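Residue indices begin at 1 and follow the sequence shown. Owing to the predicted nature of the structure, the values given are computational and were not obtained by experimental measurement.
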Amino acid sequence: MQMKRLFSMALGLVFLACTLSVGLAAQTSSAETDRKIADLEKQLEAVRAQLDALKPKPAAPADAAAATPTPAPAPSPLAGITSVLGGVNLTGLVDAYYGYNANHPSAGTATEPFQSVNGQFNLNLLEVQLDKPVDKTTPLGFRIAFGFGQAINAVNNTSFEVTRNAPVAEYLKEGYLSYMAPLGKGIQIDAGKFVTPTGAEVIETNQNWNYSRSLLFYYAIPYYHMGLRAKYTFNDKWSVTGFAMNGWNNIVATNSGKTGGLSIGWNATKKVTISETYLGGPLDRFGTGNNGPWNHLLDTVIAYNPTAKFSLQANFDYDRDEGVMGGKKPGDYAGVALYAKYAVSPKVAVAGRYEYFNDHDGFATGIPSYITEAKGQHLNEFTGTVERKIAGHLLSRVEFRHDQSNQHFFQRGALSAVKGQTTVNAGLVFVLEPSDTK
């Protein structure tokens with residue numbers, strides 16, 4: 001209605017302008033005529049502006065992405081567990097595999113605990129972990145982790161005191177209390193059983209680049225410790241951790257001597273990280289209760305990530321026991337492991353590992369009594385692994401590995417021993433991460 005009225009007014013003004021321009025031309029001076037025409041034109045412009053404001057504006061084109069609503073992600077069936085547990089993170093994994101050994105050792109046997117048993121489906125590890133991390137606002141926390149399967153059997157059966165502990169200790173991977181002491185930026189103190197700070201690999205397969213564990217993981221370093229550790233992080237580049245422990249791979253030590261240690265972490269650049277660890281103390285390797293000569297272990301791990309897809313890693317270990325050879329003569333061993341990993345796609349990756357382990361005096365590998373050649377063993381191994389992420393929680397790996405020794409070290413058949421061993425493993429790992437339970 002308003003638009004119609006304005007339109008009629010505009011027509012009237014136009015008609016009036018025309019009439020006045022003709023009439024005034026005859027009756028008034030030229031200057032007066034021009035002034036009146038200018039006034040009419042201003043009024044006409046004002047009417048046009050009001051007409052334009054009343055015209056309907058075209059709708060803006062809808063954005064294609066906005067027009068199509070993004071579907072909400074499906075809720076995790078495990079969502080809410082963390083809130084129910086009061087801020088405690090629940091993690092876990094199930095790791096199973098099929099192993100083939102070209103030496104066909106007798107059923108149920110394996111030369112190395114972490115190597116495949118021939119022609120068998122195996123439960124490598126079933127792990128459940130509850131973890132309450134600490135910081136300055138929540139200074140008290142804990143971690144408790146239980147594991148079952150071949151990996152935990154190999155880790156805990158190295159201890160001299162297994163038979164003296166309650167059966168549950170055989171399945172306890174970690175169990176410790178944490179406290180964030182309010183000193184400086186905060187010192188995290190842990191007391192209990194925790195995994196070793198040494199080595200490039202860990203017990204859980206999914207956190208390593210290859211499926212099988214390395215020679216250094218099995219022969220060169222401990223698996224766990226019972227005691228205290230304190231960590232201080234200076235900044236995003238430097239951290240230091242101190243240790244006071246019963247020894248290696250024991251909850252209750254067979255001697256009263258203690259093992260101490262220091263670990264330094266350095267993030268040299270965004271692409272390079274270095275960690276150096278020293279552990280030293282009177283290890284009682286043979287369970288005699290003796291606080292005799294010391295054992296010294298140096299462990300170095302260097303990681304380099306030149307690109308987002310390509311990663312390199314190196315691990316070096318040197319150990320010297322001052323009295324392992326009959327309690328009088330020192331013995332030592334050393335080894336190096338080199339790793340490379342390339343992500344072909346977000347779901348597919350390939351990894352390779354080469355190792356050399358020099359057990360100079362033969363005490364680390366425990367050369368079997370049927371070996372009559374000169375003591376001392378040199379081991380090499382190469383492993384190639386293909387990894388594929390099947391789903392968000394499911395990881396698959398297929399692996400080829402060959403080990404070689406200068407001694408007849410690897411079992412073939414029921415009784416004989418040979419210098420080489422070739423294995424193939426195919427594993428599936430289901431992983432439950434903390435983010436899945438929030």
Side-chain angles (χ1 to χ4, degrees), residues 101-103 105 109-115 154-155 157-160 196 198-201 212-223 247-249 259 277-288 290 292-301 314-339 353-383 401-413 415-423:
N101 189 324
N103 286 348
T109 65
T111 305
E112 300 168 60
F114 288 101
Q115 297 304 310
V155 166
N157 283 344
T158 60
S159 173
F160 291 119
T196 186
T198 57
E201 300 185 14
S212 64
R213 281 78 169 185
S214 65
L215 296 172
L216 298 189
F217 182 80
Y218 178 56
Y219 292 117
I221 64 173
Y223 299 136
W248 290 22
N249 303 330
T259 293
T277 302
Y278 165 78
L279 301 179
L283 293 186
D284 184 17
R285 290 182 182 271
F286 305 106
T288 62
N290 187 1
W294 272 44
N295 183 90
H296 307 273
L297 173 64
L298 282 173
D299 174 80
T300 304
V301 179
N315 182 200
F316 173 77
D317 287 306
Y318 174 76
D319 184 275
R320 179 179 176 84
D321 196 301
E322 299 295 345
V324 72
M325 304 305 293
K328 298 179 180 180
K329 181 183 175 183
D332 61 3
Y333 58 77
V336 61
L338 304 175
Y339 304 80
R353 176 183 64 207
Y354 170 75
E355 290 183 274
Y356 171 71
F357 185 69
N358 180 7
D359 189 11
H360 183 267
D361 295 294
F363 75 88
T365 54
I367 300 176
S369 59
Y370 53 77
I371 296 180
T372 59
E373 303 166 52
K375 65 181 180 181
Q377 180 167 203
H378 304 273
L379 285 166
N380 294 268
E381 73 92 3
F382 170 77
T383 302
R401 172 172 177 159
H402 181 75
D403 294 76
Q404 192 71 32
S405 172
N406 66 321
Q407 304 284 4
H408 290 82
F409 181 64
F410 302 100
Q411 181 180 354
R412 183 172 64 184
L415 298 174
S416 63
V418 293
K419 293 184 178 182
Q421 175 179 267
T422 299
T423 56

Min side-chain heavy-atom separation Asp319-Tyr219 under 4.5 Å: no

Pair Thr383, Glu381: side-chain N/O donor-acceptor within cut-off below 3.5 Å: yes

Test item: Tyr278 side-chain N/O and His296 main-chain N/O as donor-acceptor pair under 3.5 Å: no

pair Leu297-Pro222: side-chain heavy atoms closer than 4.5 Å: yes

Separation between CG of Asp317 and CG of Asp299, rounded to the nearest 0.5 Å: 4.5 Å

Between CG on residue Asn101 and CZ on residue Arg412, distance to nearest 0.5 Å: 11.5 Å

Close side-chain approach of Asp403 and Phe357, heavy atoms under 4.5 Å: no

Side-chain touch Pro105/Gln421, heavy atoms, less than 4.5 angstrom: no

Sub-4.5 Å side-chain heavy-atom contact between Asn406 and Gln377: yes

Identified side-chain contact (heavy atoms from CB on, under 4.5 Å) partner of Asn315 from the options Thr198, Val301, Thr300: Val301

pair Trp248-Ile221: side-chain heavy atoms closer than 4.5 Å: no

Arg320 atom CZ, over 12 foreign heavy atoms within 6.0 Å: yes

No-hydrogen, no-angle side-chain donor-acceptor test under 3.5 Å, Tyr339 and Glu201: yes

Residues that Asn358 engages under side-chain contact (heavy atoms from CB on, under 4.5 Å), provided they are two or more places apart: Tyr356, His360, His378

